[in-house]
**Q** 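Once you've had a glance at the structure underneath, I'll fire off some questions.
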Amino acid sequence: MEPKHLLIVALEYQGYHSKQGAALSRRIKQIADDFVCKGWQVTVIHRDTKGEVAAAPFTSITELNGVRRIAVKDKDYDFFLDNNRFVRKLRTLYYLWRYGDRSYTWAKQVLKYFPAFDLPNPDLIIGFYTPRAPL
């Protein structure tokens, strides 16, 4: 019998997240690890915040625990990188006022490349908070 497949779509994932998303991203990793221990195949699609994809739009990495991570580039993410916390918050507020939810652009990238991820049909799909668009 073939193992069941869990697909997790999350903007942030433990080790590949901002400080603001630390608790949420840890929870996602714990859930992924728990499903792997129960014999499920687990794929996590998350935003690339470490530059893993380089020039490619996305990359697939299998971790030691058996979780397959697909890091997807967020073309607008660099806009929010700034060491000055105040400036970063101002940029975020401006972007939200001008364009709306910034995770939407990342979600568009995920949907654009989804067929190329070569995923088995998932038995269960879990989306975590953001991005809202794939939910």
Side-chain angles (χ1 to χ4, degrees):
M1 186 167 97
E2 202 171 304
K4 292 187 175 184
H5 183 253
L6 168 65
L7 173 62
I8 297 175
V9 180
L11 190 64
E12 300 184 349
Y13 186 64
Q14 184 174 0
Y16 307 90
H17 64 281
S18 66
K19 291 177 185 172
Q20 294 91 344
L24 176 63
S25 63
R26 273 197 309 269
R27 188 174 313 121
I28 297 166
K29 182 153 178 41
Q30 290 168 348
I31 290 170
D33 290 343
D34 188 47
F35 271 85
V36 167
C37 288
K38 292 180 178 165
W40 286 60
Q41 289 180 345
V42 178
T43 302
V44 178
I45 299 173
H46 67 91
R47 178 178 63 187
D48 176 33
T49 58
K50 301 263 183 176
E52 288 182 303
V53 301
F58 67 90
T59 188
S60 178
I61 299 115
T62 302
E63 295 185 336
L64 294 175
N65 61 356
V67 173
R68 179 180 174 207
R69 288 188 304 103
I70 299 176
V72 181
K73 184 181 285 188
D74 183 352
K75 61 182 183 165
D76 292 337
Y77 183 68
D78 292 340
F79 178 76
F80 295 95
L81 296 179
D82 195 304
N83 291 333
N84 186 318
R85 188 174 158 197
F86 180 72
V87 170
R88 191 171 57 243
K89 286 188 184 247
L90 281 177
R91 283 183 179 167
T92 300
L93 287 172
Y94 170 76
Y95 193 92
L96 284 170
W97 172 78
R98 180 86 168 111
Y99 302 107
D101 182 5
R102 73 180 190 219
S103 66
Y104 176 71
T105 58
W106 178 78
K108 282 176 40 179
Q109 294 300 312
V110 170
L111 294 175
K112 179 179 177 181
Y113 296 112
F114 204 84
F117 294 159
D118 191 29
L119 299 173
N121 288 333
D123 295 289
L124 179 62
I125 300 172
I126 302 176
F128 283 91
Y129 184 63
T130 57
R132 294 158 192 88
L135 297 178

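For this chain, numbers begin at 1 and follow the sequence in order. Computation of the quantities below employed the complete heavy-atom set of this structure, encompassing side-chain atoms and omitting hydrogens, waters and symmetry-equivalent molecules.
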**Q** Given the rule that I, L, V, M, F, W and Y join up when any side-chain heavy atoms are under 4.5 Å apart, are Val67 and Ile126 in one cluster?
**A** yes
**Q** Mind checking side chain to side chain contact (heavy atoms under 4.5 Å, CB included) for Pro57 and listing every partner two or more places apart, or none if nothing turns up?
**A** Tyr113
**Q** Measuring from Ile70:CD1 to Glu52:CD, what's the distance to the nearest 0.5 Å?
**A** 12.0 Å
**Q** Which residues pass the side chain to side chain donor-acceptor pair (under 3.5 Å) test with Lys4, not counting sequence neighbours?
**A** none
**Q** State, yes or no, whether a side-chain contact exists between Lys29 and Asn65 at a heavy-atom distance under 4.5 Å.
**A** yes
**Q** Can you find a heavy atom in the side chain of Ile45 that is under 4.5 Å from one in the side chain of Leu7?
**A** yes
**Q** If you compare all heavy atoms of Pro120 against all heavy atoms of Gln41, which two are closest, and at what distance to 0.1 Å?
**A** CG-OE1, 3.8 Å
**Q** Work out which heavy atom in Pro3 is nearest to a heavy atom in Gly39; give both atom names and the distance.
**A** CB-O, 3.3 Å
**Q** Treating Ile, Leu, Val, Met, Phe, Trp and Tyr as nodes and any side-chain heavy-atom pair under 4.5 angstrom as an edge, say whether Val110 and Ile125 lie in one connected cluster.
**A** yes
**Q** Going by ring-ring contact (aromatic ring centres under 6.0 Å, His included), name the residues that satisfy it together with Phe117, two or more places apart in sequence or in a different chain.
**A** Phe58, Phe114
**Q** Got a sec, which residues hit salt bridge (Lys or Arg N to Asp or Glu O under 4.0 Å) with Lys38, two or more places apart in sequence or on another chain?
**A** Asp34
**Q** What about Val53 and Leu111, same hydrophobic cluster or not, with Ile/Leu/Val/Met/Phe/Trp/Tyr joined at side-chain heavy-atom distances under 4.5 Å?
**A** no
**Q** Run the side chain to side chain donor-acceptor pair (under 3.5 Å) test against Ser60 and tell me which residues pass, sequence neighbours left out.
**A** Arg68
**Q** Kindly indicate, with the supporting measurements, whether the criterion side-chain contact (heavy atoms from CB on, under 4.5 Å) is fulfilled by Lys73 and Gln109.
**A** CA-CA 7 Å; Lys73 184 181 285 188; Gln109 294 300 312; over 6 Å; no
**Q** Would you give the length of the straight line joining atom CZ of Arg69 to atom OG1 of Thr62, rounded to the nearest 0.5 angstrom?
**A** 9.0 Å
**Q** Got a sec, which residues hit ring-ring contact (aromatic ring centres under 6.0 Å, His included) with Phe35, two or more places apart in sequence or on another chain?
**A** Trp40
**Q** Kindly work out whether a path of hydrophobic side-chain contacts (I/L/V/M/F/W/Y, heavy atoms less than 4.5 Å apart) joins Val36 to Ile28.
**A** yes
